[in-house]
Amino acid sequence: MRRILALILTIGLALGLSLSGCARVQQNTADGSEQVTLGMSYIPDVQFAPFYVAESEGLFTAAGVNAQLRHHGSNEGLFTALLSGEEDYVLAGGDEVVQARSEGMDVVAIGQYYRSYPVTIIVPENSDIHTAADLAGRSIGVPGRFGESWFGLLAALAQAGLTQDDVSIVEVGYTQQAALTTGRVEAIIGFSNNDQVQFATAGIPTRTVPLSAAGEVPLQSIVMATTTARLSTHQDEAKRVVSGMTEGIRRTVAAPASAIAAAKTYIPTLSDQGGEAAASATLNATIPLWTYADGTVSAEMDEAAWVTMCSFMFGQGIITSTVEASDAMSNAATTP
């Protein structure tokens with residue numbers, strides 16, 4: 001989910017705190033309930049289809065919350081609007097939540113959006129790289145040393161018993177396709193529901209290699225997040241937000257074509273030639289990320305997995321101060 005993940009956290013705490021006194025005035029709707037703003041990355045995308053479905057089909061209203069969707073400004077930090085009070089909830093990587101908390105930001109995850117980690121290794125179809133261990137001595141392209149693609153590479157190396165010194169890491173920005181097809185790098189770190197889909201759409205023969213041969217990654221991907229301050233005073237509201245999101249996921253998984261139709265209101269490019277086909281390919285690749293293996297959907301988070309992630313991120317130097325999993329996530333909004 002690159003468009004969410006690429007937003008850099010380095011704007012961070014200082015800007016967030018400097019804006020904290022500028023929070024918007026909370027608006028009440030006709031029925032007396034508060035209107036809440038849900039933040040997403042700055043480019044509307046079919047990967048947000050559950051939210052478009054939830055809004056268009058009145059699922060948030062049915063859950064008892066008046067939700068407004070907001071896509072960030074292109075130069076806006078991931079948590080800037082949340083910390084300033086311009087947004088009440090935001091989608092972000094679970095690992096990014098942990099990183100933010102280590103930097104002193106009041107951010108907490110309240111519901112799982114992606115059940116599986118979307119980062120993968122992408123290689124040419126005829127490559128002799130078949131496992132992460134095969135990356136030893138090879139060149140690997142990453143957008144930069146930040147975000148989930150970077151965290152995913154560190155996880156792959158760690159689980160393969162490799163270090164950064166065992167590979168050649170090349171920062172290629174968002175030119176992964178060109179970097180791989182021209183031979184500048186032998187593999188790239190990308191997203192199964194974005195980069196790999198784009199390769200397939202372009203007719204470039206590639207395949208994915210899992211970050212871990214065992215299939216386990218010590219990281220948690222996209223979640224719904226808020227501040228601990230808001231969760232402590234608006235727990236029922238948080239439950240309604242998570243409920244609307246979860247039902248939106250269920251509806252999207254059950255009826256992808258209807259989700260594409262709902263997304264057209266938010267994504268003008270779907271009307272362009274090939275736009276709907278490309279969006280359908282992305283959506284089909286995203287559906288497995290939202291569900292358990294049996295196809296069911298739940299926003300409940302696995303605290304033990306978060307403990308593992310916090311330990312891994314500290315051990316890898318991604319965060320320089322320890323973060324307790326119980327501070328970074330709460331299932332209060334997923335319980336009845």
Side-chain angles (χ1 to χ4, degrees), residues 1-13 15-20 22-27 29 34-56 59-61 63 65-101 103 105-114 147-148 220-231 233-234 237-246 248-249 263 265-267 286 290 299 328-330 333:
M1 204 163 184
R2 176 194 302 166
R3 297 176 178 86
I4 295 176
L5 311 171
L7 295 173
I8 306 173
L9 294 175
T10 52
I11 295 175
L13 179 60
L15 181 55
L17 293 179
S18 70
L19 294 172
S20 61
C22 305
R24 60 185 168 83
V25 176
Q26 190 76 54
Q27 296 182 351
T29 56
E34 290 183 347
Q35 177 177 286
V36 300
T37 300
L38 312 182
M40 289 163 281
S41 75
Y42 65 93
I43 299 176
D45 191 275
V46 74
Q47 295 167 56
F48 302 120
F51 290 90
Y52 304 149
V53 168
E55 185 171 68
S56 65
L59 302 182
F60 286 120
T61 302
V65 65
N66 293 282
Q68 177 182 13
L69 307 185
R70 177 181 183 268
H71 288 281
H72 298 161
S74 60
N75 295 317
E76 188 175 319
L78 181 54
F79 298 113
T80 303
L82 179 70
L83 297 176
S84 72
E86 190 173 358
E87 292 173 355
D88 303 300
Y89 301 87
V90 67
L91 283 181
D95 39 23
E96 291 172 318
V97 169
V98 171
Q99 187 177 50
R101 287 203 66 89
E103 296 172 3
M105 299 185 203
D106 176 27
V107 183
V108 60
I110 62 169
Q112 200 76 45
Y113 185 62
Y114 275 12
E148 289 197 327
Q220 296 297 300
S221 190
I222 308 301
V223 295
M224 178 64 78
T226 188
T227 62
T228 55
R230 189 169 190 88
L231 181 61
T233 57
H234 292 74
E237 173 194 272
K239 287 183 178 182
R240 296 185 184 108
V241 168
V242 171
S243 176
M245 176 188 77
T246 305
I249 295 173
T265 302
Y266 306 85
I267 311 172
T286 304
W290 284 318
M329 55 80 68
S330 169

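Keep in mind that the numbers below use all heavy atoms, side chains included, and drop hydrogens, waters and symmetry copies. Just so it is clear, the model here is predicted, and its values are computed rather than measured.
Atom CE of Met329 is separated from atom CD of Gln112 by 8.5 Å, given to the nearest 0.5 angstrom. The CZ atom of Arg230 sits 11.5 Å away from the CD atom of Glu87 when rounded to the nearest 0.5 Å. To the nearest 0.5 Å, atoms OG1 (Thr37) and CG (Leu69) are separated by 9.0 Å. The distance from the CD atom of Glu76 to the CG atom of Leu78 is 9.0 Å, given to the nearest 0.5 Å. Here the CG atom belonging to Asp95 is positioned 4.0 Å from the CD atom belonging to Glu148, to the nearest 0.5 angstrom. Once rounded to the nearest 0.5 Å, the distance linking CG of Asp88 with NE2 of His234 reads 7.5 Å.
A 4.5 Å side-chain heavy-atom check between Val90 and His72 finds at least one atom pair inside the cut-off. Counting only heavy atoms from C-beta outward, the side chains of Ile110 and Val223 never approach each other to under 4.5 Å. The shortest side-chain heavy-atom distance between Val65 and Lys239 does not fall under the 4.5 Å cut-off. Using a 4.5 Å heavy-atom threshold, the side chains of Leu231 and Ser330 count as touching. Gln47 is not listed as a side-chain neighbour of Leu91, based on a closest heavy-atom distance of 4.5 Å or more.
Pairing each heavy atom of Arg70 with each of Ala81, the nearest pair is NH1-CB, 3.6 Å. Between Ala229 and Thr233, the shortest heavy-atom contact is O-OG1, 3.2 Å. Closest approach of Ile267 to Asp45, counting heavy atoms only: CD1-C, 3.4 Å. Residues Glu55 and Gln68 approach most closely at OE2-CA, 4.4 Å, considering heavy atoms. Considering every non-hydrogen atom in both Ile249 and Pro50, the closest pair reads N-CB, 3.6 Å. When all heavy atoms are compared, the tightest approach of Ala63 to Ser243 is CB-OG, 4.1 Å.
Proximity of a side-chain donor or acceptor of Tyr113 to a complementary backbone N or O of Ser221 within less than 3.5 Å is not detected. Listed for the Asp106 side chain is no donor-acceptor partner under 3.5 Å among the backbone atoms of Thr227. A donor-acceptor contact shorter than 3.5 Å is absent between the side chain of Arg240 and the backbone of Phe60. Side-chain atoms of Thr246 come within 3.5 Å of backbone atoms of Val242 as a donor-acceptor pair (strictly under, hydrogens ignored).
Under the 6.0 Å cut-off for aromatic ring centres, His71 and Phe48 qualify, their centroids lying closer than that.
Aromatic ring pairs are classed by plane angle as parallel below 30°, tilted from 30° to 60° and perpendicular above 60°; the pair Tyr114 and Trp290 is perpendicular.
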TODO: Assess whether side chain to side chain contact (heavy atoms under 4.5 Å, CB included) is satisfied between Val97 and Val108, documenting all intermediate values.
DONE: CA-CA 7 Å; Val97 169; Val108 60; 5.7 Å; no
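At a cut-off of 3.5 Å, with distance as the only test, a side-chain donor of Tyr89 or Glu237 sits close to an acceptor on the other residue.
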